[in-house]
Trainee: 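This is the structure, below, for whatever I ask next.
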Amino acid sequence: QVQLVESGGGLVQPGGSLRLACAASGSIFIIYSMGWYRQAPGKQRELVATVTRGGTTNYDDSVKGRFTVSLDNAKKTVYLQMNSLKPEDTAVYYCNTIITPFVGSGTYNYWGQGTQVTVSS
């Protein structure tokens, strides 16, 4: 089993910054990717940003140039630095990882419990 523990959400004014962190623990042999998705009220969950263990990143167009995703493989922790936040960034942010738990196993997809980010004056 794999656990993802998120931290860093909160209330911030428009134009402000927040840094989210998500630490993975448990049975992990290889982390293929980690990243962040978000879900606003009444909307579907959507991709924010992902990063592979090799460092390849992928961003939604709405956050490019404002958000930066990074992965510390040794700590099994993914970060999301969010700058120039807008009210439309308000959502619950979910951590995601795709891992192989042990040699010879398949890949598995795990989600964190979510952390609220609210951008409001």
Trainee: Suppose the criterion is salt bridge (charged side-chain N to carboxylate O under 4.0 Å, His left out): which pairs have a residue in residues 51-62, not counting sequence neighbours?
Mentor: D61-K64
Trainee: Please tabulate, for side-chain N and O atoms in residues 81-88, each donor-acceptor pair with protein atoms closer than 3.5 Å (sequence neighbours left out).
Mentor:
| from | atom 1 | to | atom 2 | distance (Å) |
| --- | --- | --- | --- | --- |
| Q81 | NE2 | N83 | OD1 | 2.9 |
| N83 | OD1 | S17 | OG | 2.9 |

Trainee: For V92, which residues count as a side-chain contact (heavy atoms from CB on, under 4.5 Å) partner, sequence neighbours excluded?
Mentor: Y94, Q116
Trainee: Restricting to pairs with a member in residues 10-112, which pass disulfide bond (SG atoms under 2.5 Å apart), not counting sequence neighbours?
Mentor: C22-C95
Trainee: What are the two closest non-hydrogen atoms of L4 and A24, and how far apart are they?
Mentor: CD2-CB, 3.5 Å
Trainee: For S120, enumerate each residue passing the side-chain contact (heavy atoms from CB on, under 4.5 Å) test, keeping only those at least two apart in sequence or located in another chain.
Mentor: L11, T118
Trainee: side-chain hydrogen bond (donor to acceptor under 3.5 Å, both in side chains) with R66: which residues, sequence neighbours excluded?
Mentor: D89
Trainee: Can you give me the closest heavy-atom contact between T77 and A21, atom names plus distance?
Mentor: CG2-CB, 4.4 Å
Trainee: Going through the checks in order, is the side chain to side chain contact (heavy atoms under 4.5 Å, CB included) test met by E46 and Q39?
Mentor: CA-CA 6 Å; E46 63 180 11; Q39 188 167 17; over 6 Å; no
Trainee: For the residue pair A40 and T90, what are the closest heavy atoms and their distance?
Mentor: CB-O, 3.7 Å
Trainee: Determine which pairs satisfy salt bridge (charged side-chain N to carboxylate O under 4.0 Å, His left out) with at least one residue from residues 67-85, sequence neighbours left out, and list them in order.
Mentor: none
Trainee: So, does T52 use its side chain to make a donor-acceptor pair with the main chain of S33 at under 3.5 Å?
Mentor: no
Trainee: Among residues at least two apart in sequence or on other chains, which ones pass side-chain contact (heavy atoms from CB on, under 4.5 Å) with T57?
Mentor: V51, Y59, V69
Trainee: Can you list every salt bridge (charged side-chain N to carboxylate O under 4.0 Å, His left out) pair that touches residues 11-27, not counting sequence neighbours?
Mentor: none
Trainee: Find out if a path of hydrophobic residues (ILVMFWY) with successive side-chain heavy-atom gaps under 4.5 Å connects F67 to L18.
Mentor: yes
Trainee: Which other residues belong to the hydrophobic cluster containing F29, where Ile, Leu, Val, Met, Phe, Trp and Tyr are joined when side-chain heavy atoms lie under 4.5 Å apart, directly or via other members?
Mentor: I30, Y32, I98, V103
Trainee: Could you work out the complete set of other residues in the hydrophobic cluster of V5, with links drawn between I, L, V, M, F, W and Y side chains under 4.5 Å apart?
Mentor: none
Trainee: Taking atom types as modelled, is there a side-chain donor on R38 or Y93 under 3.5 Å from an acceptor on the other?
Mentor: yes
Trainee: Output a table of donor-acceptor pairs, distance under 3.5 Å, between side-chain atoms of residues 104-111 and any protein atom two or more places apart or on a different chain; print 'none' if there are none.
Mentor:
| from | atom 1 | to | atom 2 | distance (Å) |
| --- | --- | --- | --- | --- |
| S105 | OG | F102 | N | 3.4 |
| S105 | OG | F102 | O | 2.8 |
| N109 | OD1 | N96 | ND2 | 2.6 |

Trainee: Write down the atom of A49, the atom of L80, and the distance for their closest heavy-atom approach.
Mentor: CB-CD1, 4.2 Å
